[in-house]
Enquirer: 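Let me give you the structure first, and then I'll get to my questions.
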2 protein chains.
Amino acid sequence: MAEMRGGENLLFLTDEQLRQGIEAMFFAYRGFTADPDRILATMAYGRAHHRAMHFIARSPGTTVNNLLAILGVTKQSLNRVLRTLIEDGLVESCVGSTDKRERHLTLTEAGAALERKLSDAQRARMRAAYRAAGPQAVAGFRQVLEAMMDPDMRRRYHAIRESET
Amino acid sequence: MAEMRGGENLLFLTDEQLRQGIEAMFFAYRGFTADPDRILATMAYGRAHHRAMHFIARSPGTTVNNLLAILGVTKQSLNRVLRTLIEDGLVESCVGSTDKRERHLTLTEAGAALERKLSDAQRARMRAAYRAAGPQAVAGFRQVLEAMMDPDMRRRYHAIRESET
DNA sequence: CTTGGAATGTCAACAAAGCTGACTTAATAT
DNA sequence: ATATTAAGTCAGCTTTGTTGACATTCCAAG
């Protein structure tokens, strides 16, 4: 434990501590995606579909370009995912009113239902982890994750909250 | 909504808080892998090679079976990665002394050098994040990540440390 | 009004990294 | 002896990413 701050105790910055953090990220991310993945495996969708639906649910009416920036993939890759979701009636794509080049994406009823199902599974694990660790640990968790992001991603991460009305 | 219990404050368990945590994991993981990925993109290797080398570096002499369990992939998938690493002289595979069916994996000089390069890049980001967040936040970060793991993975996560001699 | 550039969509081809299933070889365990 | 285990291999498939080329639509600047 990093205690006794004579001046500063930097033991938490040793290579060994960092390696453990790296491994913790690896193993935890597996858990993080495991539950939605299990659900998705039973249908014709994958993690990419989940991600798209998550951010459409989060920012209804978002544009394709915005989603591209958030997800950090090429439009061809996103388009493939989006096309199947639209074809299957889970996502709706509406031509923009001010700028008719843009497409605004929203979840249909069915899309929202699936998103909720996936989200519920993922949140259940998250909730259990949060509850087990306690509020102070959660605050630290969030701090470290934020510091780990690329600056662009950190901006987008905050932008999502700010766009909430 | 989980609102103000009498004693405990459970505001950190609201769906909104959990969603933010989920998004933080997503964006942070991207940052987490970004630096090694950039290095790997310049050679014929990918993230899978990095992961294999990481855990071989961590547990020198580990067996293929053990690595399979840690990485959570099929032997066919791991074998493809391992084969190229062995062919390129980054990993050495030695027949076991007690059980000759087993292959014990170790990094060669060149393998260790590449692993160090990738690891340095990843640790640099981790160190910056840790330093920015502080030791208490780091402790919380670790606690939440650990609580998020599948029990099997949590065992393995600890086993790696215990196997350190 | 025309034209340049941005936003979107689409086609084709390809690569990384996962998967299943079937099978071999060698060595250990029963 | 036989069954099981560890490792490796072959073939084929899926998901999800990538480039590059190209068409369409539409806003905005000249």
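Protein chains get the first letters and strands the later ones, always in sequence-line order, with residue 1 at the start of each.
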Enquirer: Can you tell me the distance, in whole Å, between the CG atom of A/Asn66 and the P atom of C/dA6?
Expert: 18 Å

Enquirer: Just to be sure I understand the rule, does A/Arg47 reach a base, reach only the sugar-phosphate, or reach nothing, if contact means heavy atoms closer than 4.0 Å?
Expert: sugar-phosphate

Enquirer: Just how far, in rounded Å, is P of D/dA7 from CG of B/Leu71?
Expert: 13 Å

Enquirer: Starting from P on D/dG8, measure out to CG on B/Leu78 and report it in whole angstrom.
Expert: 9 Å

Enquirer: Measure CD1/A/Ile86 against C1'/C/dT8 and give the value in whole Å, please.
Expert: 11 Å

Enquirer: May I have all residue pairs that pass ring pair (Phe, Tyr, Trp, His ring centres under 6.0 Å) and include part of residues 53-87 of chain B, sequence neighbours excluded?
Expert: A/Phe26-B/Phe55, A/Phe27-B/Phe55

Enquirer: Could you tell me whether the phosphate oxygens of C/dA6, OP1 or OP2, come under 4.0 Å of any side-chain nitrogen or oxygen in A/Asn65?
Expert: no

Enquirer: DNA chain C in dot-bracket, Watson-Crick or G-U pairs under 3.5 Å, [ ] crossing, | other strand?
Expert: ||||||||||||||||||||||||||||||

Enquirer: Starting at CZ of A/Arg30 and ending at C1' of C/dG18, how long is that distance when rounded to a whole Å?
Expert: 12 Å

Enquirer: Would you sort out whether B/Glu23 and A/Arg58 count as a salt bridge (Lys or Arg N to Asp or Glu O under 4.0 Å), showing the intermediate values?
Expert: CA-CA 10 Å; B/Glu23 284 158 10; A/Arg58 192 74 152 129; 2.6 Å; yes

Enquirer: Provide the full list of side-chain hydrogen bond (donor to acceptor under 3.5 Å, both in side chains) pairs with a residue in residues 144-158 of chain B, sequence neighbours left out, each pair given once.
Expert: A/Arg125-B/Asp150, B/Arg142-B/Tyr157, B/Glu146-B/His158

Enquirer: Checking only heavy atoms, does the side chain of A/Arg83 share a donor-acceptor pair with the base of C/dG9 at less than 3.5 Å?
Expert: no

Enquirer: Can you see if the side chain of B/Ser77 gets near the phosphate of C/dA17 - specifically, an N or O under 4.0 Å from OP1 or OP2?
Expert: no

Enquirer: So what does B/His104 hit on the nucleic acid, given a heavy-atom distance under 4.0 Å: a base, only sugar-phosphate, or nothing?
Expert: nothing

Enquirer: Where the side chain of A/Thr63 meets the backbone of A/Glu102, is there a donor-acceptor pair that is under 3.5 Å apart?
Expert: no

Enquirer: From CG of A/Asp37 over to P of D/dT16, roughly how many Å is that when rounded to an integer?
Expert: 9 Å

Enquirer: Could you check how far CD of A/Glu102 sits from C1' of D/dA28, rounded to whole Å?
Expert: 15 Å

Enquirer: Treating primed atoms plus P, OP1 and OP2 as sugar-phosphate and everything else as base, which nucleotides of nucleotides 22-30 of chain C get B, S or - for protein heavy atoms under 4.0 Å?
Expert: B----BS--

Enquirer: Does the side chain of B/Glu92 reach to within under 4.5 Å of the side chain of B/Ile86, using non-hydrogen atoms?
Expert: no

Enquirer: So which pairs with a foot in residues 105-117 of chain A pass salt bridge (Lys or Arg N to Asp or Glu O under 4.0 Å), sequence neighbours left out?
Expert: A/Glu115-B/Arg19

Enquirer: Any side-chain N or O of A/His49 under 4.0 Å from OP1/OP2 of D/dT16?
Expert: yes

Enquirer: Please list all pairs meeting side-chain hydrogen bond (donor to acceptor under 3.5 Å, both in side chains) that have one or both residues in residues 67-85 of chain B, counting only residues at least two apart or in different chains.
Expert: B/His49-B/Thr84

Enquirer: What integer distance in Å separates A/Asn79:CG from C/dA7:C1'?
Expert: 12 Å

Enquirer: Could you tell me which non-hydrogen atom of A/Phe32 sits nearest to which non-hydrogen atom of B/Ile22, and how far apart they are?
Expert: CZ-O, 3.4 Å

Enquirer: Is there side-chain contact between A/Met126 and B/Gln17, with at least one heavy-atom pair below 4.5 Å?
Expert: no

